[in-house]
Amino acid sequence: MPRCTRKGCGQNYDLATNDPSSCTYHPGAPVFHEGLKSWSCCSDVNKSVLDFDEFMKISGCTVSSHTDEAPEVPVPSIKTSSVDSNLIMKEAKDGAEIYSTGAPKFASPKQSIPAPVEAPIVEDEDDLDAPITPGTVCKRKSCGVTFVSDEVNRIGDGDKTICTYHPAAPIFHEGSKGYICCKRRVLEFDEFLKIEGCKKGRHVFAPKQRTESQVEQFTDCRVDHYQTPKEVHISVFAKQTNKEKSTVAIEDNQIHFDLYLPGPKRFCRTIVLFGPVDPDGSSYKFYNTKVEVVLKKLDTRSWTLLEKTTRDLGNISLTFGVGGRTGTIGGKDLVLDEQNTNRVN
């Protein structure tokens, strides 16, 4: 039997019974942003979710007939790069002037990012005592095998009892898609669904119930910030963070948070910064209620946002904060940029 290739469907179907109301699918594209996952065609109806398995369960919003045709892949538009008009002049030893194009780059030593402490992956086990309805799909990621009978899919060591799957969660970063457990990365969502599993084991048609302490839950934490002409102060409100397992890695243009919270909760986020920073001159500290980060700027310009964006923000800019023991609230020393300092004096 052919399998439907429409997004959100993926069912096996019979050509004889395939009619215009057989398939429920998503005509739009998947949207992944800051850990939230949704479909562009029904984001106003179906709420965005954090877990990838919950995302795959979002029911389709359009009805049609099944098809096994390969989905059309949009051809990316090729942008022609224009020559940079900013010329940089350098004087050689013999007095000759050498011109080159491109903006000056800030030289900053690379910081070796400490390897995060890997949490053990707790895999599901099949409950062999649970009755399974024929046609049930294996619950392991990227397997897709449908249940026929216990003799075919669960008992013995036959070929159809072997499951090829991904044990770890999927990862989506800057358009690339893949799984944490293996190295392959693709750009198209349809190609991501075709990535073959990297581990072999037994199928899971009816997962055994796990205790709550075994299930790792990715959560979100509030992130606030303020700035001075020379620094950006970030507060991540994560209570009782495990200092031994958690990591904060600061790079030239981004910062990585991997915070282990009480119980099974964990906060993971990478922030691409609005401007360049000096990793060696930056620092962070764990408190009982939050994690404080102080980023040293490589220039004294005002950051319009904490996180870099491709949107045109116009002439929007933020004023600098105030210094003092408690930050922007109750600060005693007024902090101004050079232009406003001259204006006051």
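Remember, predicted model here, so these are calculated numbers, not experimental data.
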### Query
Under 3.5 Å, is there a donor-acceptor pair between the side chain of His66 and the main chain of Ser22?
yes
### Message
Tell me if a side-chain donor or acceptor on Thr62 pairs with a main-chain N or O of Pro27 at a distance below 3.5 Å.
### Response
no
### Message
Nearest 0.5 Å, please: how far is CG in Asp258 from CZ in Arg269?
### Response
14.0 Å
### Query
Which heavy atom in Phe55 sits nearest to a heavy atom in Ser38, and how many Å separate them?
CE1-O, 3.4 Å
### Message
Side chains of Gln227 and His225: any donor to acceptor distance under 3.5 Å?
### Response
no
### Pairwise distance OH(Tyr287) to CZ(Phe237) - rounded to 0.5 angstrom
12.0 Å
#### Entry: Closest contact, heavy atoms only, Pro167 versus Cys181
CD-SG, 3.6 Å
### Message
Quick check on the 6.0 Å ring-centre criterion: do Trp303 and Tyr226 meet it?
### Response
no
### Query
With the 4.5 Å side-chain cut-off for hydrophobic clustering, are Ile132 and Val204 part of the same group?
no
#### Entry: Check: Thr219 side chain, Lys265 main-chain N or O, donor-acceptor pair, under 3.5 Å
no
### Task
Could you tell me how the ring of His26 sits relative to the ring of Trp39: parallel (under 30°), tilted (30 to 60°) or perpendicular (over 60°)?
parallel
### Query
Does the Ser246 side chain pair with the main chain of Lys243, one donor and one acceptor, at a distance under 3.5 Å?
no
### Distance in Å, Ile195 CD1 paired with Cys182 SG, rounded so as to fall on 0.5 Å steps
6.5 Å
### Query
Is any side-chain heavy atom of Cys268 less than 4.5 Å from a side-chain heavy atom of Phe218?
yes
### Query
Who pairs with Arg3 by side chain to side chain donor-acceptor pair (under 3.5 Å), at least two apart in sequence or on another chain?
Asn12
### Message
Please say yes or no: joined through hydrophobic side-chain contacts below 4.5 Å, possibly via intermediate residues, are Tyr179 and Tyr165 part of one cluster?
### Response
no
### Query
Is the ring centre of Phe267 less than 6.0 Å from the ring centre of Tyr260?
no
### Query
Where is the tightest heavy-atom contact between Ser302 and Lys297, given as atom of each residue plus distance?
CA-NZ, 4.3 Å
## Note on the structure
When rounded to the nearest 0.5 Å, the distance separating CZ of Phe286 from CD of Glu244 is 9.5 Å
### Summary
Applying salt bridge (charged side-chain N to carboxylate O under 4.0 Å, His left out) to Lys290 and not counting sequence neighbours gives Glu292
### Task
Compare every heavy atom of Pro279 with every heavy atom of Asp252, then report the nearest pair and how far apart it is.
OD1-CG, 3.2 Å
## Note on the structure
Residues at least two apart in sequence or cross-chain that pass side chain to side chain donor-acceptor pair (under 3.5 Å) with Asp14, listed by chain then number, are none
### Task
For Asp68, enumerate each residue passing the salt bridge (charged side-chain N to carboxylate O under 4.0 Å, His left out) test, keeping only those at least two apart in sequence or located in another chain.
none
### Task
Keeping the roles fixed (side chain from Thr133, backbone from Thr136), state whether a donor-acceptor pair exists under 3.5 Å.
no
## Note on the structure
Rounded to the nearest 0.5 Å, the CD1 atom of Ile234 sits from the CG atom of Leu295 at a distance of 4.5 Å
### Query
Is it true that a side-chain atom of Arg6 and a backbone atom of Ser65 form a donor plus acceptor pair closer than 3.5 Å?
yes
Do any side-chain atoms of residues 139-152 form donor-acceptor pairs under 3.5 angstrom with protein atoms, and if so which ones, sequence neighbours left out?
from	atom 1	to	atom 2	distance (Å)
Lys139	NZ	Phe205	O	3.1
Arg140	NE	Arg202	O	2.8
Arg140	NH1	Glu123	OE1	3.4
Arg140	NH2	Asp124	O	3.2
Arg140	NH2	Arg202	O	3.3
Ser149	OG	Val152	N	3.3
Asp150	OD1	Arg154	NH1	3.3

### Query
Distance only, no hydrogens: is a donor on one side chain within 3.5 Å (strictly under) of an acceptor on the other, for Glu196 and His166?
no
### Query
CD/Glu188 to CG/Leu193 distance, rounded to the nearest 0.5 angstrom?
11.0 Å
### Message
I'd like to check the salt bridge (charged side-chain N to carboxylate O under 4.0 Å, His left out) partners of Lys200; sequence neighbours left out, ordered by chain and number.
### Response
none
### Message
Between Glu125 and Lys208, does any side-chain N to carboxylate O distance fall below 4.0 Å?
### Response
yes
